[in-house]
Amino acid sequence: MDQHPKAHAAAAAGFLADQQRADWHDETLWFVRSKRDKAAQQLPEWEALRTQASAIKEHTLSRLEQYLTGFEEKALANGVQVHWAADAAEHNRIVHSILAKHHVRKLVKSKSMLTEECHLNPYLQQQGIEVVDTDLGERIVQLNQEPPSHIVLPAIHLKKEQVGEIFHQHLGTAAGASDPQYLTAAAREHLRQKFLAADAAITGVNFAIAENGAFVVCTNEGNADLGAHLAKLHIACMGIEKLIPRMEHLGVFLRLLARSATGQPITTYSSHFREPGPGQELHIVIVDNGRSTQLGREDFRNSLKCIRCGACLNTCPVYRRSGGHSYHNAIAGPIGSILAPNLDMRKNADLPFASTLCGSCSDVCPVKIDIHTQLYKWRQVLSKEGYGPAAKKLGMKMMAAVLAKPDRFALSGAVARKFLGWFPKLAVNGKLNPWGRQRELPKVPEQSFREWYRTHYNPKKTNS
Amino acid sequence: MRVALFVPCYVDQFYPRVAIATLRLLENLGLDVSFPEKQTCCGQPMANGGYEHYTQGCNTNFIAAFSGYDHIVCPSGSCALHVKDHLHDPKQEATASAIRERVYELCEFLTDVVKVQSLPASFPAKVALHQGCHGHRGLRLAASSEQVLPFYSKPLQLLQMVEGLELVPLSRPDECCGFGGTFCVTEEAVSSAMGLSRVKDYVDHQATVLTGTDMSCLMHQEGLIRRKQLDITVMHIAELLAAPLPETV
């Protein structure tokens, strides 16, 4: 992973080099956002639902310890084994220790961004365990040995022809085949064998309910159910922020989640798990991994309301044109750009700047996270703590000095206009000036407004 | 009613015609308008770049220039929003607060304070409206497409008063153009790609004029339009609302 502060910009430029693919990526995700718009418009109470969801999460976060211990108590009473992990490494060790106890060699996983965040797959593979992601998109990127590029649509950056090539190489489908139905059928055949052979299943958790110790996993393919019901061992991995207080709150989130994510009225499978099936073991690993630090950062606490619908990614014009991998973090897009600096400020200092602060993410967010405001606030924190480029800091300081004094501003403005006028077009529009790569500079007027006002308008009215 | 004209620094230097149009428009509505010459920049470029802590000089200067007016009007949603959200001064917080409450983007000032019902403007052309995000979603100049709320648009309300002006519908009526202050340079590739998408939308809908509430968004898109030598004229909304305006600069 590139640690240079401009990593996002450089990766995005690389993504945009294939303009046809970039346009297709933009249009595909815009199509998803348009579907979301139609689905939201069908609910006149949409804004009220957002307000309610935000308030429920706010309340839960304000009493998180109480709800977490309440959840644990109920889950234990239901016969579930509960584990606590402070960070990604502990999460991975716990999961591995449970698997080792059961001599698990083959594992099926339902999509979980938390396990992506913890890099569980490579960890388990190093211990000699076969890990198969069973969400179709997730399986495609897994076969292609890359991380998901989107939290809901993990292979959205790949075209069906590329998927056909990946399946040809790994699943033995016909060369050049790209028919979605044919490819899906091949994937289904392949995954059914994996489900039947698996010793254990890992799922994520979309919502954990404090009052009864149950949790809900949402999938469109039923893969969480297939895995969890067939295997003797089910491990569910959840971040501490997944809690909601009561069952009656679940409907609010289920109505918002799928509509925001894909424009569906509801996810195809909303699977409830409460206790282990006969002869089965059910474990829940509750993970902090920086979340309590974020909870303690007042300006960024709200980001823990996130229900991982991906709406802010789909709506973000920067994400749509730069692809998920340019964010070099498990969670991409606007919300990822708030969560990532909390995990590692140095490595992710570029992400809060990968935004125009247009605010579309905040308006689309089903739980009303003030995403673009938090991006602005991260910029202040990162620059103040010295994670910005030195040249930029100096430039900003000089600019601030000029702009603080009217006479300096008027003089440098006049100089700048002359400078732009004198320089031949090629020098200013050359490759060294990023503005001029694809854009002309503004035409330079004879006079600034203040000069015109003073000389041609009404000198008596000048207030100096 | 004493109105101070708040002219964004880059408009002052590169687009004086926009400030002139704004001034004429306000004066033709019978308002007493002054241009406080001490003004420079609101400090937004530094603040959005992560250096809000360098903007105290700008803030102090802004407060000195704009104290004592009934209203402060700016032909930019972005600059007005910055002042509204971030103008502070520990030494004179009450004055800063009064200014924050009195600053208006031009369109919202015309619709909400002056409550104009008609304009003597005429501009027969097919016009595309670009909604600058900071004004649009920050100041709520119009309903945003993400929200499920009744439709309204202050810029549109005003443009409909211009005789002969035909607004073209757009495929993505409130998508960001990618200017984003320093973003246009630090993320040049994405910025240009976003701008070109917007421009394609105008071309697809046969607009001959592009307008908007923020000259910064328009400057970026004009740069792309001119490089591609497209037949689209770029004008700030003040120029359309004050049209026909004699050529002055």
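Residue numbers start from 1 in every chain, and the chains themselves are labelled A, B, ... in the order their sequence lines are given, proteins ahead of strands.
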### Query
Measuring heavy-atom distances to chain A, does B/Q39 have an atom under 4.5 Å in its side chain, in its backbone, in both, or in neither?
both

### Query
Hey, which of B/A19, B/G180, B/C42 has the most heavy atom pairs under 4.5 Å with chain A?
B/A19

### Query
If you count heavy-atom pairs under 4.5 Å between each of B/A47, B/G195, B/G132 and chain A, which one has the most?
B/A47

### Summary
If one checks every heavy atom of B/A64 against chain A at 4.5 Å, the contacting part turns out to be neither

### Message
Looking at B/R140 and A/D363, is there a salt bridge between them, counting it only when a charged N and a carboxylate O are closer than 4.0 Å?
### Response
yes

### Rounded distance [0.5 Å steps], CG in B/L196 versus CD in A/Q19
7.5 Å

### Query
Of the non-hydrogen atoms in A/A414 and B/Q13, which two are nearest, and what is the gap between them?
N-OE1, 3.7 Å

### Task
Answer yes when A/R439 and B/E222 have at least one side-chain N-carboxylate O distance shorter than 4.0 Å, and no when they do not.
no

### Task
Could you tell me whether the side chain of B/R227 and the main chain of A/G436 form a donor-acceptor pair under 3.5 Å?
yes

### Message
Please classify the contact of B/L81 with chain A as side chain, backbone, both or neither, using a heavy-atom distance under 4.5 Å.
### Response
neither

#### Entry: Proximity breakdown for A/A354 and chain B, heavy-atom pairs closer than 4.5 Å
both

### Query
Is there a donor-acceptor contact under 3.5 Å linking the side chains of A/Q380 and B/H53?
no

#### Entry: Nearest-0.5 Å distance, CG of residue A/D26 to OG of residue B/S197
5.0 Å

## Note on the structure
Shortest non-hydrogen pair, B/Y15 vs A/P442, comes out as OH-CB, 3.4 Å

### Query
Is the NZ atom of A/K392 crowded by more than 12 outside heavy atoms at less than 6.0 Å?
yes

### Message
Within the structure provided, determine whether B/V148 and A/E45 are in side-chain contact (heavy-atom separation under 4.5 Å).
### Response
no

### Message
I'd like to know if the side chain of A/R36 reaches the main chain of B/E146, judged simply by a donor and an acceptor atom lying under 3.5 Å from each other, with no hydrogens or angles considered.
### Response
yes

### Query
Which atom names give the shortest non-hydrogen contact between A/T356 and B/G178, and what distance separates them?
CG2-CA, 4.0 Å

#### Entry: Proximal component of A/E385, with respect to chain B [non-hydrogen, under 4.5 Å]
neither

### Query
Closest approach of A/S448 and B/P16, non-hydrogen atoms and distance?
C-CB, 4.0 Å

### Query
Should B/L23 and A/Y453 count as side-chain neighbours, where that means a heavy-atom distance under 4.5 Å?
yes

### Message
Does A/S355 form a side-chain contact (heavy atoms from CB on, under 4.5 Å) with B/F183? I'd like the steps, not just the answer.
### Response
CA-CA 7 Å; A/S355 162; B/F183 182 88; 5.7 Å; no

### Task
Start with the C-alpha distance between A/W435 and B/M219, add both sets of side-chain angles, then the distance that settles side-chain contact (heavy atoms from CB on, under 4.5 Å), and finish with yes or no.
CA-CA 11 Å; A/W435 176 276; B/M219 172 172 75; 4.1 Å; yes

### Query
Is it true that A/Y376 and B/H82 have ring centroids separated by less than 6.0 Å?
no

### Query
For A/L43, is it the side chain, the backbone, both or neither that has a heavy atom under 4.5 Å from a heavy atom of chain B?
backbone

### Query
Pick from A/K443, A/R50, A/M396, A/M399: which one has the most heavy-atom pairs with chain B under 4.5 Å?
A/M396

### Message
I'd like to check A/K397 versus B/M46 (side-chain heavy atoms, cut-off strictly below 4.5 Å). Are they in contact?
### Response
no

### Query
Is A/F353 close to B/T186 at the side-chain level, that is, under 4.5 Å between some pair of heavy atoms?
no

#### Entry: Max heavy-atom pair count under 4.5 Å with chain A, selected residue of B/C41, B/S144, B/G49
B/G49

### Task
Would you mind checking if B/K38 and A/D407 are paired as a salt bridge, meaning a charged N to carboxylate O distance below 4.0 Å?
no

### Task
Would you give the length of the straight line joining atom CG of A/L441 to atom CZ of B/F14, rounded to the nearest 0.5 angstrom?
8.0 Å

### Task
Would you mind reporting whether B/R137 and A/S362 have side-chain heavy atoms less than 4.5 Å apart?
no

### Query
Just wondering, more than 12 heavy atoms not from A/E47 lying within 6.0 Å of its CD?
yes

### Summary
Bottom line for B/E175: the part with an atom under 4.5 Å from chain A's heavy atoms is side chain

### Task
Please round to the nearest 0.5 Å and tell me the distance separating atom CG of A/D37 and atom CD of B/Q147.
11.5 Å

### Query
So which heavy atom on A/A9 is nearest to which on B/E187, and how close?
CA-OE1, 3.3 Å

### Query
So, do A/F449 and B/F35 have ring centers that fall under 6.0 Å from each other?
yes

## Note on the structure
Okay, B/H220 and chain A: the region with an atom under 4.5 Å from a heavy atom over there is both

### Message
Contact between A/P317 and B/C176 at the side-chain level, heavy atoms closer than 4.5 Å - yes or no?
### Response
yes

#### Entry: Interface moiety of B/V190 toward chain A, non-hydrogen atoms closer than 4.5 Å
both

### Message
Please classify the contact of B/C9 with chain A as side chain, backbone, both or neither, using a heavy-atom distance under 4.5 Å.
### Response
both

### Query
Any side-chain donor paired with an acceptor under 3.5 Å for A/R408 and B/T40?
no

### Query
Passes side-chain contact (heavy atoms from CB on, under 4.5 Å), A/E440 versus B/L224? Steps please.
CA-CA 7 Å; A/E440 296 292 323; B/L224 294 162; over 6 Å; no

## Note on the structure
Rounded to the nearest 0.5 angstrom, the CE-OH distance for A/M398 and B/Y54 is 12.0 Å

### Query
At a heavy-atom separation under 4.5 Å, does A/L382 approach chain B through its side chain, its backbone, both, or neither?
neither

### Task
Please check if atom OH in B/Y152 has more than 12 non-hydrogen atoms from other residues, nucleotides or ligands closer than 6.0 Å.
yes

### Message
Using 0.5 Å steps for rounding, measure from the CG atom of A/L403 to the OG1 atom of B/T55.
### Response
10.5 Å

### Query
Can you find a side-chain donor-acceptor pair between A/R33 and B/S145 that sits under 3.5 Å?
yes

### Query
chain B: which of A/G359, A/S360, A/P44 shares the most heavy-atom pairs with it under 4.5 Å?
A/S360

### Message
So does B/G50 get a backbone contact from the side chain of A/R379, meaning a donor-acceptor N/O pair under 3.5 Å?
### Response
no

### Query
Any side-chain heavy atom of B/N61 sitting closer than 4.5 Å to one from A/K405?
no

### Task
Let me see the working for A/C358 and B/H134 under side-chain contact (heavy atoms from CB on, under 4.5 Å), right down to the final yes or no.
CA-CA 6 Å; A/C358 78; B/H134 289 175; over 6 Å; no

